[in-house]
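Worth knowing before you read on, the calculation uses all heavy atoms, side chains too, and leaves out hydrogens, waters and symmetry mates. Counting from 1, the numbers follow the sequence of the chain as shown. These numbers were taken from a predicted model, which means no experiment stands behind them.
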Amino acid sequence: MIGNVDDPTEIKRYRDVVRKAGIHGDYVIIGIEHQSTFDKNMIFRILNYDATTYINQVESKKKVYPVGSFVFYTGDKKWNTPLELNDYFDIPEELKAYINEWKFIFVDVKEIDTSKIKDEQTRYFIEAIQEMYKGNFEGLHRRIKMNRDNFIYAAIITGSLDLIRDLPEGDEIDMCEGMERMAEGFRNEGRKEGERREKKTALLSLLKVKLGNVSNQLEQAIQNSSIEKLNTLTLSIFDITNEDDVLKIIN
């Protein structure tokens, strides 16, 4: 032990998604983290996740499988934090050979080559996120029949809650009809104030789904928040676990 710990605290961390995958009878454990914002300490989180997964396998006295970690990034800005442990430090060249490396696989949704995605609805989902970030309505038109929930999730991820307004009903959306209706709404400048109210209402609905319940205090805070704060909250929606997380963003 290095240093003294008077009051040790057990820290538990859980990945967003963990799956066991197999190819030709060989297995690997895949861990996936979703990030909509930057985390300069992401490499340490991944190191912790991976080490814990290995330790748990060893302690179970069963076969130990290799672990691969992926970070799926859906933010609008370019990722600018280290993907490898050694990049986090300013290490002299003479010492680099003595420092163990650790890294994770980084996937930016904006840069995914969708032509390699076989499932049509998954491809539409990723392409919708990409087109929303570009503000490309024509690109969205090409997703002829898109799953309605996938479209809503894409709008949440990109902070494009205005796109949910006037969304056609049904399990699938006729994108040509639906996007034309939405685009027409955006061309009407006189509806901006109504759009602001709808954005707050939509965000409150999402928070109720995410948290299970929303207090009167939080609801009032949402109503009093600026559009800028609400946009920031929308981009962080997947990182929120409780009302305190929300209040830290909008206050």
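For Asp50 and Trp102, the side-chain atoms include at least one donor-acceptor pair closer than 3.5 Å. Looking only at atom types and distance, the side chain of Gln35 has no donor-acceptor partner in the side chain of Thr74 under 3.5 Å away. Of the N and O atoms on the side chains of Thr52 and Asn48, at least one donor lies less than 3.5 Å from an acceptor on the other residue.
Annotation for Asn224: atom CG counts as buried by contact number, over 12 foreign heavy atoms lying within 6.0 Å. Within 6.0 Å of the NZ atom in Lys110, the count of heavy atoms belonging to other residues, nucleotides or ligands exceeds 12. Counted within 6.0 Å of CZ on Phe106, heavy atoms from surrounding residues, nucleotides or ligands total more than 12; the atom is thus considered enclosed. When the shell of 6.0 Å around CG of Leu95 is examined, it contains more than 12 heavy atoms from other residues, nucleotides or ligands.
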Query raised in the report: Would Leu247 and Leu218 satisfy side-chain contact (heavy atoms from CB on, under 4.5 Å), going step by step from the backbone distance to the final call?
Result: CA-CA 7 Å; Leu247 294 172; Leu218 180 59; 3.7 Å; yes

**Report entry** Stepwise side-chain contact (heavy atoms from CB on, under 4.5 Å) check, Tyr49 with Val67
**Finding:** CA-CA 10 Å; Tyr49 291 142; Val67 179; over 6 Å; no

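For Glu101 (side chain) and Glu84 (main-chain N/O), no donor-acceptor pair under 3.5 Å exists by modelled atom type. Between the side chain of Lys77 and the backbone N or O of Thr37 there is no donor-acceptor pair closer than 3.5 Å. Side chain of Asp119 to main chain of Thr122: a donor-acceptor pair is present (N/O by atom type, distance under 3.5 Å, no hydrogens or angles). Proximity of a side-chain donor or acceptor of Arg19 to a complementary backbone N or O of Ile30 within less than 3.5 Å is not detected. In this structure a side-chain-to-backbone donor-acceptor pair under 3.5 Å is present from Gln130 to Ile112.
Leu83 places none of its side-chain heavy atoms less than 4.5 Å from the side chain of Lys103. Side-chain atoms of Phe125 and Asn147, non-hydrogen and from C-beta on, never get closer than 4.5 Å to each other. The shortest side-chain heavy-atom distance between Glu111 and Tyr73 does not fall under the 4.5 Å cut-off. Side-chain contact check for Val17 versus Phe72: every heavy-atom pair is 4.5 Å or farther apart. Side-chain contact between Glu33 and Ile46: present, with at least one pair of heavy atoms (C-beta onward) separated by less than 4.5 Å. Using a 4.5 Å heavy-atom threshold, the side chains of Leu47 and Leu85 count as touching. Between Ile222 and Val246 there is a side-chain heavy-atom pair separated by less than 4.5 Å. Put simply, the side chain of Val107 does not reach to within 4.5 Å of the side chain of Val71, judged on heavy atoms.
Contact detail for Glu127 and Thr114: the closest heavy-atom pair is OE2-OG1, 2.8 Å. Of all heavy-atom pairs spanning Val214 and Glu219, the tightest one is CG1-N, 3.9 Å. Between Ile157 and Tyr133, the closest heavy-atom pair is O-OH, 3.6 Å. Here the closest heavy-atom approach between residue Arg45 and residue Asp39 is recorded as NH1-OD2, 2.9 Å. Contact record, Thr158 with Ala154: OG1-O, 2.9 Å, taken as the closest heavy-atom pair.
Put simply, Val28 and Phe70 are part of the same group of oily side chains (I, L, V, M, F, W, Y) that touch within less than 4.5 Å, one to the next. Ile129 is connected to Ile152 through a chain of hydrophobic side-chain contacts under 4.5 Å among Ile, Leu, Val, Met, Phe, Trp and Tyr, so both are in one cluster. One hydrophobic cluster, built from ILVMFWY side chains closer than 4.5 Å, cannot hold both Ile105 and Ile29; they sit in different ones. In this structure, Val18 is a member of the same hydrophobic cluster as Val58, with clusters built from ILVMFWY side-chain heavy atoms closer than 4.5 Å.
A perpendicular orientation is assigned to the rings of Tyr65 and Tyr27, their planes being inclined by more than 60° (bins at 30° and 60°).
Separation of the Tyr124 and Phe151 ring centroids does not fall under the 6.0 Å cut-off.
Summarising the geometry, atom NZ belonging to Lys116 is positioned 12.5 Å from atom NZ belonging to Lys118; distances are rounded to the nearest 0.5 Å. A distance of 10.5 Å separates CG in Asp149 from CD in Gln121, rounded to the nearest 0.5 Å. Separation of atoms CD1 (Ile32) and NE2 (His34) is listed at 11.5 Å; rounding is to 0.5 Å.
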